[in-house]
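This one's a predicted model, so the numbers in the text were calculated from it and none came from an experiment.
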Number of protein chains: 2
Amino acid sequence: MGGKDTRARIVEAAMELFWEKGFSSTSIADILSRSQVNSGSLYHFFPGKQDVLLAVLEGYRDGIDEMLLGPAWNGIDDPVERVFALLALYRRLIVETECQYGCPIGSIALELHDADPIIRQRLAENFTGWVDAVEACLRSAEGRFRPGTDYRALAEMALNVMEGGVMLSRTFRDVAPFDRAVAQYRAYLDALIEKEAAL
Amino acid sequence: MGGKDTRARIVEAAMELFWEKGFSSTSIADILSRSQVNSGSLYHFFPGKQDVLLAVLEGYRDGIDEMLLGPAWNGIDDPVERVFALLALYRRLIVETECQYGCPIGSIALELHDADPIIRQRLAENFTGWVDAVEACLRSAEGRFRPGTDYRALAEMALNVMEGGVMLSRTFRDVAPFDRAVAQYRAYLDALIEKEAAL
DNA sequence: GTCTATAAAAGGATAGAC
DNA sequence: GTCTATCCTTTTATAGAC
């Protein structure tokens, strides 16, 4: 009954809808009907639609451990394998949605062409959080990579591979492009590791 | 005066607008005003907005040589360098637009969440054309790569690197992520080539 | 904080004369 | 093929009682 509950329902509904239909294609009416909230309540908590998006992006940012990394890394200890476990989670999402999955952050990042600076900031924070997590994994397996390895760039590469793979798999309605992308990334890491071993 | 001219003006205006603002955020009125065409004429040539998008995507697909590959490869003969020249063209676009550039195909692929099969087909054709061109480059430098190299996957990797790099550079308003992505791709190709040399 | 009703504008698309 | 006028729906947002 508290207002907090209502606000949370709005954000949760918007999270789902923005992911399913995108930001522009989701109407306030859609959010109201899914969250079972009336117009007056929504505008009591949020000045406008953009502010709902802001809250959604903050939700993703603050929930990355619980919503994404935790589930992905459950039972996986090896830091490099954690990177691939994260990618495997996306693969599962692709398969579960019959190849309609889109990364909610990436989709919004490309959908909004003249996003408010504050929105862009939140998108950037989401990407940064993701890359930070992957970088930490790679860096904690430091011994395996050759000295001078650019862990930041390597972690960003994982993001690029994921985003590109998701984009292609959705367009072709086929997991194969995603799988090929991950396989290439694996081959790249292996090359960096083998190289070291060969010295 | 011929209708052909009008149709072309509409498609050209829509191409620009979809790229600048996205599909959903571009209104028919926007297209009419930029192309200096009246409502009646547009609906004479196209049943609806989606059909304009279809024509735009066919324009990109059919114009890849003239609009993209030709300019990118002007004066570049080495097939592997052509891949990087293509990526360098995107870099130029990023810089010229002060990091607001988005790949027109990738943006639409992520913006439309339940695209008509025919639209998805056109998006797929665009990606396929791009990857085909890069694959042909890599394959024609076959001697340099180790036997058993998956040229298709390697070419798709170039696309993923480009799309991911563009996404990050736009979000962070900074070319650096794009540059890092390309540098990693270069390092990967080098690793595949050096490896061969080492055998 | 929540409810209903509604304003105010923008959107896609059509009609019918020329 | 092109023109103007306009219909109809959707959309964001507000008003004001409770």
- prompt: Taking it one step at a time, do Ser41(A) and Asn38(A) satisfy side-chain hydrogen bond (donor to acceptor under 3.5 Å, both in side chains)?
  reply: CA-CA 5 Å; Ser41(A) 297; Asn38(A) 293 303; 5.4 Å; no
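Residues that satisfy the salt bridge (Lys or Arg N to Asp or Glu O under 4.0 Å) test with Arg34(B), not counting sequence neighbours, are Glu16(B), Glu20(B). In this structure Glu58(A) satisfies the salt bridge (Lys or Arg N to Asp or Glu O under 4.0 Å) test together with Arg122(A), sequence neighbours excluded.
Nearest approach of Ala133(A) to Leu69(A), heavy atoms of both residues: CB-CD1, 3.6 Å.
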- line: Per-nucleotide protein contact along nucleotides 11-18 of chain C, 5' to 3', at a 4.0 Å heavy-atom cut-off (B base, S sugar-phosphate only, - neither), is SSBB----
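Rounding to whole angstrom units, NE2 of residue His44(A) and C1' of dT4(C) are separated by 17 Å. Leu32(B) places its CG atom 14 Å from the C1' atom of dA5(D), with the value rounded to the nearest Å. A straight line from CG of Asn38(A) to P of dT2(C) spans 9 Å, rounded to a whole angstrom. At whole-Å resolution of the value, CG in Leu42(B) and P in dT2(D) are 11 Å apart. In this entry the distance linking CZ of Arg9(B) with C1' of dT2(D) reads 11 Å, nearest Å. The CD-C1' distance, from Gln36(B) to dT2(D), rounds to 14 Å in whole Å. To the nearest angstrom, C1' of dT11(D) lies 12 Å from NZ of Lys21(A). As a whole-Å value, the separation of Phe46(A) CZ from dT14(D) P is 15 Å.
For CG of Asp114(B), the number of neighbouring non-hydrogen atoms (other residues, nucleotides, ligands) closer than 6.0 Å is 12 at most.
A distance-only check finds no donor-acceptor pair linking the side chain of Trp19(A) to the backbone of Pro104(A) [under 3.5 Å].
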